[in-house]
Amino acid sequence: MQFAANKKFLNQDMWCLVCGSLLFFLVAVSLKNANVKALSLLGMGICIGWFGSRCLLSRNNFGNSDSQTRISTDKQEQIRLRGQNLVLEMLNQKLPVKSILETLAGLIEQQIQGIYCSILLVDPTCNRLTHGAAPNIPKDFMTMVDGLKISPRNGSCGTAAFRKETIIVDNIKESSLWGGKFQEEALQSGFRSCWSTPILNAEGNLLGTFAIYCQEPRKPENSELSLLQTAGQWAALAIERKKTQDAFTAYHENLEQEVKIRTQSLQVAREKAEKANQAKSEFLSSMSHELRTPLNAILGFTQLLKMEEKISDDQVLEQQTNHIMKAGEHLLELINNILNLSEIESGKVKVSPESVRLETVFTEISSMLKPIATQKNISLEFKLNDPSIFVWADLMKLKQVLINLISNAIKYNNFSGKVNLKAYSSKNDTVAIEVSDTGQGIPQNQRSKIFEPFVRLKTSGAKTDGTGIGLAITRHLIQLMGGCIFLKSKVEEGSTFTIILPKSKELPV
Ligand code: ADP
């Protein structure tokens, strides 16, 4: 453009001066006066001389890079500011880095006629450059360049990335850096020269390359070279800022997620605490109710005895003292159970696990509970697939658990019912122990509740003795031994309580 402007200026000058000289020449020829003739020839000489010196000066100006750089410095500064603002604006709009780089490449393409820009990015996982942006370069060429190796002699970009310096290849056809399919494809795409600059961050780490492809074999002018390097700096700014932005966004999202999780867990903890508090109040109120019932019975019958000072009827006397005794026993059982449960809940109860042979425990408990079962004509049997099954448990606590479950199976069973005890090896080195009965069963909506203290089924509450604490203690003890308990039941058909305990790895000495 500069060159064209100068040319136009010279053409105008030339016509003016040629006309001027011709005029002086005609005047000199037509007039006879020697003085005027000499003056006209002098004027013509001045015109020719001035025109000659303008030509020389102008020619010098085309080749003088200093004056050209001087002229383009202002323009370059304008472009630099425009580019920088554009990058910042696009970053502000949170545009994807690809479209920012594409706009950048487009902006540079607008500044120099007949050039094409490409931005390659470093793949941190391997020593290669991958496609970043090249809005106007043929797709085939970019596909081939994608994954270009960073090495001392690999085209303009691979070499610029390796050396971390601007590489100017003014003739792709003849350059020793270019060869093979890259050279072929570049020439086929119409590229004759390629100037590439590394994109470096503030610490000097390589982020990618910015390349200008030209359709003529030529070197860049100073202004073009400085524009290329400025473009590399913009690209670095865009890539680095985007990285920081992305890291910040990820951190922010992470933080939000963490706050969400924390809030949720706090909410769960609060709900748990509220439930525990409510359970505690319910426990206290049911406990006082349970304690008051037998105590009232004791006080009531004692008052009766006191009122009827002389009870002639021995039968009535015996009946009333029996009531008092039963209520006293119930009270004692209740208090013992409450103490037991509160000890477990406060973490005071410790377990001492050992290898326990189930067959021995089953035999012992069966003979202990058979008399009670016989009273209701209930058969009590046990079955072991493998007589040498050992569990890893606290012997005394395991017995307490089994006695409670089998007692319940007898207590809540029908007359002439059945109670079966079974044990077998289960998944993941565990042993399953089943206690099943043919009793009244437990409705679905009550199955988890009966493990809470003082919960008794309406069907069993009035008819059968009990405190409603046994299953709560049972579950706690099993959990202390590293196991769990679950229940299957069918109303009117019976229930099966299954305990899972760790299998013993060592046999007793
Ligand atoms: P308790 O037997 O002293 O009432 P538990 O905690 O052992 O207390 O049992 C709680 C309640 O669960 C019992 O009152 C009874 O209603 C019900 N229950 C327990 N075992 C059985 C069973 N095998 N069959 C039917 N109901 C049962």
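These figures come from a predicted structure and were not determined experimentally. Indexing begins at 1, ligand by ligand and atom by atom, following the structure's order. Just so you know, residue 1 is the first one in the sequence shown, and it goes up from there.
The shortest N or O to N or O distance between L457 and ligand 1 is under 3.5 Å. Ligand 1 has no N or O atom lying under 3.5 Å from any N or O atom of A472, backbone or side chain. For ligand 1, the polar-atom distance check finds an N/O of D437 within less than 3.5 Å of one of the ligand's N/O atoms. At least one N or O atom of L471 sits closer than 3.5 Å to an N or O atom of ligand 1.
No donor-acceptor pair closer than 3.5 Å links the side chain of N385 to the backbone N or O of Y424. Remark: side-chain polar atoms of R475 are not paired, donor with acceptor, to backbone N or O of I485 under 3.5 angstrom.
Distance check: W195 CH2 to T197 OG1 gives 12.5 Å after rounding to the nearest 0.5 Å. Distance check, rounded to the nearest 0.5 Å: CD1 of I365 to CG of L398 gives 6.5 Å. Rounded to the nearest 0.5 Å, atoms CG (D123) and CG (D146) are 9.5 Å apart.
Counting heavy atoms under 4.0 Å from ligand 1, residue T467 touches it through both backbone and side chain.
Ligand 1 has at least one atom lying under 4.0 Å from a heavy atom of G468. Judged by the shortest distance from any of its heavy atoms, F451 lies outside the 4.0 Å radius around the atoms of ligand 1.
Heavy-atom contacts of K411 reach the following atoms of ligand 1: 1 (P), 2 (O), 3 (O) (cutoff under 4.0 Å). Atoms of ligand 1 found under 4.0 Å from any heavy atom of V455, numbered from 1 in the order shown, are 10 (C), 11 (C). Below 4.0 Å from some heavy atom of I469 lie the following atoms of ligand 1, by number and element: 6 (O), 8 (O).
For S407, there are no side-chain hydrogen bond (donor to acceptor under 3.5 Å, both in side chains) partners at least two apart in sequence or on another chain. By the side-chain hydrogen bond (donor to acceptor under 3.5 Å, both in side chains) test, T438 is found to be paired with N413, residues two or more places apart in sequence or in another chain being considered.
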